[in-house]
Amino acid sequence: MSHWNPAPFAQQLLDLFASLLLLIAFAMLSQRRILTLIHLFAWQGLILTLSIADSAWLTHQPHLYYSAVLTLITKVLILPLLLHRLIRRLDVVWDVETLINIPTTMLVGIGLVVFSFNLALPISHFSSTILRNTLGIALASVLLSFMMMITRRKAVPQVIGFLALENGLFLAATSATYGMPMVVELGVALDVLVGMFIFGIFFFQIRETFDSLDIRHMEKLKEE
Amino acid sequence: MTLLNWLLQGGQEILGMLLAPLLMGWVGIWRAWLQNRQAPSLIQPYRQLFKLFHKEVVIAETASPLLRVTPYLLFGCMGLTASLIPMVITDLPLAGAVDVIALVGLLSLARVFLALAAMDVGTAFGSLGARREMLVSFLAEPALLMVFFTVASLNASTSLRFMVTGFAARGFYLYPSLAFAGVAFLMVLLAENGRIPVDNPETHLELTMIHEAMILEYSGRHLALIEWANALKLLIYFSLGFALFLPFGLTDSLQGWGILRALILFLLKLTVMGAGLAVLETVSAKQRLFRVPEYLGTAFLLAVLAILLHYLLGS
């Protein structure tokens, strides 16, 4: 291997974190228990934090440190705690969702990964940022979270899918443009928090109306 | 190829044969400790083999010659495979003889004969075990091949020898793809060796056993050879894992000190990983048989992700 020139260690770490993020997205796709799903979400947030901090160090962009701290506070601490409280209040802590055919879902997931890697490859060839490798992974985890939202029938996993989607978007923003302006990031973080509260209220409303969090019931809202 | 190389090759073969029951005993001791049982002696597997070799062979009346041939064939396959993997030194005469794909073929040749012989006598248990074994292995094999392809595309070679030296030439580097492939390999190792999430090596409970159901018909030296081959298989998977994912310490020089150091490192890796296997088995619960496709599907997924990540990240 004569063309071998190793990347700096920080970049190797970044690739590793991005890969772990993708792995957690897959794990969420196949997880049946709500409690474990929340733990996985917290882990994904932690790995996102580490990867943002690492890219801050790699690119010497001090403002990325702030977004790392912001991610740590919102996605590792506040949101999982809120979700915990929520599922305890809703009494669905030990809820197990019957997922249909996990292997098929996984295969479709692999298809999504191939698609997004192929999509990202030409973009990253023209990109000049050193974080460009992770763009494909970020795209893949966004699509996987999308799929999780589509395949789930209960409301709480859908919301976790939505939050995981935001994680993927954050990674994409960091890898493509070294992060968004501070105002935008603050705004997004606040939006996610507010969204979480609204979702919480929705959950109680849904359950009060239908006696269940299964959103299939919402298809029957039409007047007879 | 000099005489020395061939001597070393023979040495590795003997080392593998002798070490395999010891590894089984070591894993068994750790399992006993972790389950608060009194541990059997480390050389218990040798005693068992010794006892079985001195016992009479009883063969069913309906058995065809296939049943007689299978233990020897199985042992031969495992012995040959053990000599193809670089355990201590990479520069062995037989190491370049086959690549990893042929290695998978050798392992499945042994498996096919074991399954056929299990069906041969016509008892219900044998056929049940054979079917289950085929279910597990036909799902595990693609995952194993994908793991090999990941490492092969990292090193641009399917020969185990060049895989090991390729890593050594480049020094320390974090490969995300290799981490994924490593986890997939571990899952395949557990499934293929009849370890706990898939099969319990200690059970003789008819509803859950896979491997034990297949070998119910054997006795005496036939059973001894099969048990020995099974121990060798575990050693083969361990040293494959070391060669692919922990290749440090393997030497390609033929100096005495280099070989000694590599040998000690190999034994150290076996000691640590054998205990690790026991811990892993103790903390996990055996799965229902119908969950096994999901488990091995995950292994396959990880291996495919590994190869995709390799192409995206170039590492």
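Residue numbers start from 1 in every chain, and the chains themselves are labelled A, B, ... in the order their sequence lines are given, proteins ahead of strands.
- Taking chain B as the reference chain and counting heavy-atom pairs below 4.5 Å, the highest number among A/V114, A/L23, A/V113 is found for A/L23.
- Checked by atom type and distance alone, the side chain of A/Q12 never pairs as donor or acceptor with a backbone atom of B/Y175 at under 3.5 Å.
- Heavy atoms closer than 4.5 Å to chain B are found in the side chain of A/L22, but not in its backbone.
- For a residue to count as touching a neighbouring chain, one of its non-hydrogen atoms must lie under 4.5 Å from one of that chain's; by this rule A/F17 does not touch chain B.
- Within 6.0 Å of the OH atom in B/Y295, the count of heavy atoms belonging to other residues, nucleotides or ligands exceeds 12.
- In this structure, A/F115 places its CZ atom where only 12 or fewer heavy-atom neighbours from other residues, nucleotides or ligands lie under 6.0 Å away.
- More than 12 heavy atoms of other residues, nucleotides or ligands sit less than 6.0 Å from atom CZ of B/F245.
- Only the side chain of A/L121 comes within contact range of chain B, judged by heavy atoms closer than 4.5 Å.
- Residue contact with chain A, scored on non-hydrogen atoms closer than 4.5 Å, involves the side chain of B/L305 exclusively.
- Between B/R132 and B/E212, none of the side-chain N atoms (NZ, or NE/NH1/NH2) sits under 4.0 Å from a carboxylate O, so this pair counts as no salt bridge.
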